[in-house]
Protein chains: 2
Amino acid sequence: MAQGETEGPVGGSAVVSSAATGKDGGAAHEVLAVVFQIRQNRLSVLLWCRALPPFEGCWALPGGRLGATEGLGESVRRQLAQKVDVRDLSHLEQLETRGEPGRHPGGRTLATAYLGLVPAGIDPVVPHDTAWHPAAELPCMAFDHAAIVGSARRRLRAKLSYTNIGFALAPPEFTMSELSRYYRAALGHDVAATNLRRVLLRRGQIEETGRSVPSGRSGGRPAALFRFRTRSLEITDAFAVLRPPQG
Amino acid sequence: MAQGETEGPVGGSAVVSSAATGKDGGAAHEVLAVVFQIRQNRLSVLLWCRALPPFEGCWALPGGRLGATEGLGESVRRQLAQKVDVRDLSHLEQLETRGEPGRHPGGRTLATAYLGLVPAGIDPVVPHDTAWHPAAELPCMAFDHAAIVGSARRRLRAKLSYTNIGFALAPPEFTMSELSRYYRAALGHDVAATNLRRVLLRRGQIEETGRSVPSGRSGGRPAALFRFRTRSLEITDAFAVLRPPQG
DNA sequence: TCAAAAGTGTTTTTCGTACACCCATGA
DNA sequence: TCATGGGTGTACGAAAAACACTTTTGA
């Protein structure tokens with residue numbers, strides 16, 4: 001329903017695109033968002049199901065036509081808020097722009113894709129035709145959207161290694177074993193909480209809140225609560241290799 | 001002269017943009033190229049001087065309007081070949097797309113920027129209004145092009161640390177002291193040839209050709225010639241940090 | 001034989017992982 | 001007091017920078 005509006009620019013764009021690809025050289029331009037959240041220890045992406053051709057029944061990234069007076073990032077935030085009711089983005093960054101002439105059956109359409117992150121633990125209300133899917137098991141995907149999700153996964157994975165982008169995956173406060181599960185889900189491999197703690201502490205990414213969480217029914221030492229020191233993107237380990245002399 | 005054609009899309013776009021930003025929502029789309037080459041031990045960027053307002057007398061990145069049937073990368077290569085006669089790109093990759101409504105005084109224009117590299121040692125013939133400028137001392141720059149050059153520098157610098165992108169800066173064969181000068185120019189800090197040699201050899205990026213260069217008039221041991229093992233982009237050191245267990 | 005430039009051996013440092021061990025809690 | 005999960009101390013290995021030393025050439 002909310003997505004019906006997206007049908008125009010994404011699906012039924014024969015009229016629009018013929019105008020847009022006319023002799024003035026302009027092409028239709030849309031923005032797309034790969035919104036990730038860790039849900040049940042899996043990296044998940046927000047998709048909506050197309051009701052009309054092309055790609056009827058397949059899943060697509062949320063997004064839509066770029067407005068005449070808005071910036072690209074601005075447009076992504078607007079469309080996520082309007083169409084899938086997501087307003088809790090902890091991070092948003094541009095991924096890539098795709099413009100192959102054949103990428104869109106309905107006519108020439110350029111798409112600028114963004115990577116958006118929602119912290120774990122919250123559950124935004126989304127429309128009925130919209131759902132979270134594990135990024136590792138994508139359903140039938142429309143257009144080139146599967147490839148775009150792949151780009152987003154690689155970007156997130158890389159940035160976890162040299163920035164503090166974990167702040168955007170984690171809730172405001174967390175235990176180290178929780179955080180290591182988020183990292184495991186996003187990286188796709190095991191992450192030992194004990195070492196993650198020291199790495200992120202040494203890099204100054206996280207700090208103790210002083211509080212702790214009582215141990216569960218099966219006992220165990222209470223877990224200390226941590227938070228990220230800053231909640232905006234910073235490069236914390238600019239490269240272990242080829243660094244300037246004198247450390 | 002060759003750049004005069006670029007005046008249309010970049011400068012005198014009042015008519016075009018009014019059509020492009022009309023109620024169909026399309027906007028003008030251009031591609032831009034940040035073409036780097038190491039020249040006289042300095043990282044240099046190819047710019048052309050604007051003859052007409054806006055930004056008359058300032059320098060701009062080469063590029064122009066995206067054609068109706070061409071892909072983005074394809075368009076960059078075409079425009080570089082046609083307008084500045086550069087056909088020797090050793091590497092080309094997409095950087096970012098800028099679409100702030102106010103970025104272009106003549107009307108709404110989206111720009112997708114690319115990073116292009118030309119190997120050191122060749123000297124492409126460029127039009128008379130086009131020149132190489134040190135990336136560290138940019139002249140008066142049109143639009144947001146100075147910021148785009150900054151993005152390109154950061155991208156190149158980062159990729160030198162974990163990919164084999166040096167292949168695109170160096171000529172087919174080179175001595176280690178030459179290569180260390182290219183790295184120094186691109187990274188902005190000293191790079192010891194002796195360590196660079198071992199790092200790149202360990203990573204399998206370079207190999208000896210078996211030949212060597214006779215020493216100069218002041219003597220010295222002849223330098224061995226090296227080449228990059230592959231001349232397409234590869235990630236050679238996927239991350240020293242947060243790597244999967246079992247090394 | 002000396003200066004200059006290239007190349008090698010070795011040391012030091014940093015960083016991340018692995019692993020053993022200790023701590024705090026609930027039943 | 002025992003199982004359970006959290007936290008600390010330490011060892012190990014990889015990788016890069018620093019630096020002393022050797023090699024190979026021209027004059």
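Chain naming here is simple, since letters A, B, ... match the order of the sequence lines and numbering starts at 1 in each.
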Item checked: Under 4.0 Å protein heavy-atom contact, by nucleotide of nucleotides 19-27 of chain D - B base, S sugar-phosphate only -> B---BBBSS
Checklist line | Under the ring-ring contact (aromatic ring centres under 6.0 Å, His included) test, residues paired with B:Phe174 that sit two or more places apart | finding: B:Phe228
Next item on the list: Among C:dG16, D:dG7, D:dA16, find the nucleotide with the atom closest to the side chain of A:Val199.
Entry: C:dG16
Note to self: Any base atoms under 4.0 Å from A:Ser212, or only sugar-phosphate, or nothing? Heavy atoms, all strands.
What the structure shows: nothing
Check: What integer distance in Å separates A:Asp190:CG from C:dC19:C1'?
Finding: 15 Å
Notebook entry, point to check: Taking CG from B:Leu196 and C1' from C:dG7, how many angstroms apart are they, rounded to a whole number?
Noted result: 14 Å
Check: For the side-chain hydrogen bond (donor to acceptor under 3.5 Å, both in side chains) test, which of A:Asn164, A:Thr236, A:Thr230 pairs with A:Gln205?
Finding: A:Thr236
Checklist line | Between C:dT8 (C1') and B:Leu201 (CG): distance, integer Å | finding: 13 Å
Next item on the list: To the nearest Å, give me how far apart CZ (B:Arg202) and C1' (C:dT8) are.
Entry: 14 Å
Note to self: Just the rounded figure in Å: distance from P of C:dA6 to CG of B:Leu225.
What the structure shows: 12 Å
Next item on the list: With sequence neighbours excluded, give me every salt bridge (Lys or Arg N to Asp or Glu O under 4.0 Å) pair touching residues 142-152 of chain B.
Entry: B:Arg103-B:Asp144
Next item on the list: Starting from C1' on C:dT17, measure out to CZ on A:Arg184 and report it in whole angstrom.
Entry: 15 Å
Notebook entry, point to check: Base, sugar-phosphate alone, or nothing: which one does A:Ala193 contact when heavy atoms must sit under 4.0 Å apart?
Noted result: nothing
Check: Hey, is the side chain of A:Arg203 poking within less than 4.0 Å of OP1 or OP2 on C:dG16, counting only N and O atoms?
Finding: yes
Next item on the list: Would you kindly compare B:Thr175 and A:Ala192 by the position of their nearest DNA chain C nucleotide and give the one closer to the 5′ end?
Entry: B:Thr175
Note to self: If the condition is ring-ring contact (aromatic ring centres under 6.0 Å, His included), which residues does B:His133 pass it with, not counting sequence neighbours?
What the structure shows: B:Trp59
Note to self: Could you tell me how far apart A:Met176 (CE) and D:dT8 (P) are, to the nearest whole angstrom?
What the structure shows: 11 Å
Notebook entry, point to check: Rounding to a whole Å, what distance do you find between B:Leu179:CG and C:dA6:C1'?
Noted result: 15 Å
Check: If you measure from the SG of B:Cys58 to the SG of B:Cys140, is it under 2.5 Å?
Finding: yes
Note to self: Just to verify, what does B:Ala135 make a side chain to side chain contact (heavy atoms under 4.5 Å, CB included) with, not counting sequence neighbours?
What the structure shows: B:Phe36, B:Leu43, B:Arg153
Note to self: Tell me every residue that passes side chain to side chain contact (heavy atoms under 4.5 Å, CB included) with B:Ala81, counting only those two or more places apart in sequence or in another chain.
What the structure shows: B:Arg87
